[in-house]
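This structure is a prediction, so every number in the text was calculated from the model and none was measured. Counting convention: from 1, in listed order, for ligands and their atoms alike.
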Amino acid sequence: MTQKPIWIQNISQLVTLSSKKKGPRVREEMRELGIIEGGSVWIENGIIQDVGTTRQMIMRYLSRAKEAEIVDATGKIVTPGLIDPHTHVVFGGSRENEFEMRMEGASYMDIMNAGGGIHATTRKMRTLSEEHIFNQTARRLDLFLQHGVTTLESKSGYGLDLENELKQLRVMQRLHKKHPVDIIPTFMGAHAVPEEYQGNPDAYVDLVIEEMIPAVVQEGLAKFIDVFCEVDVFTPEQSERILQAGKAHGLIPKIHADEIEENQGAHVAAKVGAISAEHLLKVSDEGIAELAKAGVIACLLPATALYLGEKPARARDIIDAGVPVAISTDCNPGSSPTISMPLVMNLACIMMKMTPAESLCAATYNAACALQIEDRVGSIEVGKQADLVLWDVHNHQKLHYIFGVNHVKTVWKNGVKVVG
Ligand code: NIG
Ligand code: FE
């Protein structure tokens, strides 16, 4: 079916994020947003066909105006669709009981070590049907979309056995086909040592390496592999073994690194050549230097820090060291039950002292780089997927300045209006 072209005009700021620089952006590159004041975009067949000022575009397209759907964006801005590069969005149930326990003083790791946390959600995953998980996740994806997210990464890790890890990954594959939000899947069988392997974590690591990774790869269910490298979860040595095994099977490593305690996570990320290291609340100066040297992207999750009552990651030190930064919701039922990338963008500024421009780059182009999809999304450039958001603010700073409000007016996914 051929779609009518869409012609967006009079955009107060068209925030293209376009740049000659290839690959993830660092330091002051993160502030270069490629803004066109009074901008305009022509979309055809789901692809961005042309970009310019409204004046230039009228010269080029006036003769074709009749065939297009015209959108007047006076007083509003357009950005690339937001990209969330780190979520645990496929889950069943919720954990408000643990929230209450934490408000009364228990720590996240206390709860997990006592059989709650990831273990509680794993018990749910093992009992609920694939259909149930599918439907709950689809509703969450609707909310992501309404808040401007057009692509997200999704991790397994609530099955912790072959059958249920595959169940979670198959839900992602089905939702990727069915739902407008694109889902980039990550296998995270090493999210926790399951209860039946307590006291024998190496046997579980063997299971992940020998059975789960080959099965996941055989079915083509994941692009990335991740591990929770943390005190009382997986050691740096176990993490490295798992990531190297994934790599040998063609999966690209990511790592939950130095989240609750400094645990050599950044070091492992650099050593295995991970595409990104996540969290980094407790990363050391040496860890930051290693990430910079190895070109690992830091994926920072300020909503998680806020929710756990932890000090946020040192974004300024990380950016100043030349590490490219992406930001993410970490959407999960324990440490960050939110679907809001706009909130995360606010928090990146408020808690981590990133500038609005850096935050927007981290939520679009650099996030795309953390998923290795920057050739098709993450910026508004000719030939890229027409994943765009129209925001009801007249400059990009205002997106970050006014918080707790959903400024989304319209979302287009592959050139189709899906919100608004
Ligand atoms: O990234 N840290 C490990 N995993 C998640 C939390 C998962 C959960 O609590 O269910 C995180 O914070
Ligand atoms: Fe996470």
Side-chain angles (χ1 to χ4, degrees), residues 84-99 101-102 106-126 128 133 136-137 140 152-160 164-165 168 184-195 224-234 239 242 253-263 265 269 274-283 297-310 312-313 326-339 341 344 347 367 370-371:
D84 189 340
H86 177 146
T87 83
H88 308 256
V89 67
V90 180
F91 63 88
S94 61
R95 309 211 307 254
E96 59 276 21
N97 57 324
E98 295 181 4
F99 176 71
M101 284 158 74
R102 283 203 303 106
S107 79
Y108 177 79
M109 289 309 284
D110 288 344
I111 293 170
M112 176 161 164
N113 290 333
I118 295 169
H119 302 298
T121 304
T122 299
R123 284 192 293 275
K124 276 275 183 220
M125 181 62 66
R126 289 175 177 183
L128 295 172
I133 301 288
Q136 274 209 13
T137 306
R140 255 170 240 134
L152 57 74
E153 183 258 19
S154 169
K155 301 175 196 295
S156 70
Y158 290 127
L160 308 184
N164 289 286
E165 285 294 306
Q168 225 186 324
I184 315 290
T186 295
F187 169 61
M188 197 176 179
H191 195 195
V193 178
E195 291 180 293
F224 298 100
I225 180 161
D226 197 343
V227 44
F228 191 9
C229 177
E230 188 66 52
V231 174
D232 288 337
V233 192
F234 294 99
S239 302
I242 291 166
K254 289 181 177 285
I255 178 169
H256 278 59
D258 306 315
E259 178 183 357
I260 314 287
E261 289 183 52
E262 202 284 318
N263 192 35
I275 180 74
S276 64
E278 332 282 308
H279 289 285
L280 300 169
L281 297 183
K282 302 287 162 58
V283 68
I297 298 170
C299 183
L300 306 181
L301 312 152
T304 310
L306 175 77
Y307 206 73
L308 293 181
E310 296 280 347
I327 54 175
S328 160
T329 61
D330 195 20
C331 171
N332 75 74
S335 65
S336 188
T338 181
I339 51 67
M341 273 300 279
V344 167
L347 296 178
L371 300 179

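- Atoms of ligand 1 lying under 4.0 Å from at least one heavy atom of Y158, given by number and element, are 7 (C), 8 (C), 10 (O).
- In this structure, atom 2 (N) of ligand 1 lies nearest to the protein heavy atom E259 OE1, 2.8 Å.
- Contacts between M112 and ligand 1, counted as non-hydrogen atom pairs separated by less than 4.0 Å, are absent for every part of the residue.
- With sequence neighbours excluded, the residues satisfying ring-ring contact (aromatic ring centres under 6.0 Å, His included) with Y307 are F99.
- Heavy-atom proximity to Y108, at under 4.0 Å, picks out these atoms of ligand 1: 6 (C), 7 (C), 8 (C), 9 (O).
- From the protein, the heavy atom lying nearest to atom 11 (C) of ligand 1 is D330 OD2, 3.1 Å.
- When non-hydrogen atoms are compared, ligand 1 lies under 4.0 Å from neither the backbone nor the side chain of E230.
- Counting only heavy atoms from C-beta outward, the side chains of L308 and I260 approach each other to under 4.5 Å.
- Note: Y158 and H88 have tilted aromatic rings, judged against thresholds of 30 and 60 degrees for the angle between ring planes.
- Proximity of L152 to S154: side-chain heavy atoms (C-beta onward) are separated by under 4.5 Å at one or more points.
- Heavy-atom proximity to H88, at under 4.0 Å, picks out these atoms of ligand 1: 1 (O), 4 (N), 5 (C), 11 (C).
- For the side-chain hydrogen bond (donor to acceptor under 3.5 Å, both in side chains) test with K282, the passing option among E259, E230, E262, E310 is E310; the others fail.
- Looking from atom 12 (O) of ligand 1 to the surrounding protein, the closest heavy atom is S335 OG, 2.6 Å.
- Taking a 4.0 Å cut-off on heavy atoms, T121 fails to register as neighbouring ligand 1.
- Taking each heavy atom of P312 and A305 in turn, the nearest pair found is CA-CB, 3.8 Å.
- Using modelled atom types, one finds no donor on one side chain facing an acceptor on the other under 3.5 Å when comparing H256 with H191.
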Determine, step by step, whether T87 and T329 satisfy the side-chain contact (heavy atoms from CB on, under 4.5 Å) criterion, reporting the C-alpha distance in whole Å, the side-chain angles of both residues, the deciding distance to 0.1 Å, and the verdict.
CA-CA 7 Å; T87 83; T329 61; 3.9 Å; yes
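- Within the 4.0 Å heavy-atom criterion, neither part of F91 lies near ligand 1.
- The atoms of ligand 1 that sit less than 4.0 Å from any heavy atom of N332 are 5 (C), 6 (C), 7 (C), 8 (C), 9 (O), 10 (O), 11 (C), 12 (O).
- Checking only distances, T304 never comes within under 3.5 Å of ligand 1, N or O to N or O.
- Between R126 and P194, the closest side-chain pair of non-hydrogen atoms falls below 4.5 Å.
- Between M109 and V233, some side-chain heavy-atom pair lies under the 4.5 Å cut-off.
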side-chain contact (heavy atoms from CB on, under 4.5 Å) between F228 and M188: does it pass, once the steps are laid out?
CA-CA 8 Å; F228 191 9; M188 197 176 179; 3.9 Å; yes
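- Among all protein heavy atoms, the one lying closest to atom 4 (N) of ligand 1 is H191 NE2, 2.8 Å.
- Proximity of E278 to ligand 1, defined as any heavy-atom pair under 4.0 Å, is not found for any part of the residue.
- Below 4.0 Å from some heavy atom of H86 lie the following atoms of ligand 1, by number and element: 1 (O).
- F187 pairs in a side-chain contact (heavy atoms from CB on, under 4.5 Å) with only one of the listed residues (V227, I225, D226, I242), which is I225.
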Could you walk me through whether K254 and K155 satisfy the side-chain contact (heavy atoms from CB on, under 4.5 Å) test, starting with their C-alpha distance in whole Å, then the side-chain angles of each, then the deciding distance to 0.1 Å, before giving a yes or no?
CA-CA 11 Å; K254 289 181 177 285; K155 301 175 196 295; 4.2 Å; yes
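- Looking at heavy atoms from C-beta onward, D330 lies out of side-chain contact with E278 at the 4.5 angstrom threshold.
- Of all protein N/O/S atoms, those lying under 2.8 Å from the Fe ion (ligand 2) come to 4.
- Near R95, with a cut-off below 4.0 Å to any heavy atom, the atoms of ligand 1 are 8 (C), 9 (O), 10 (O).
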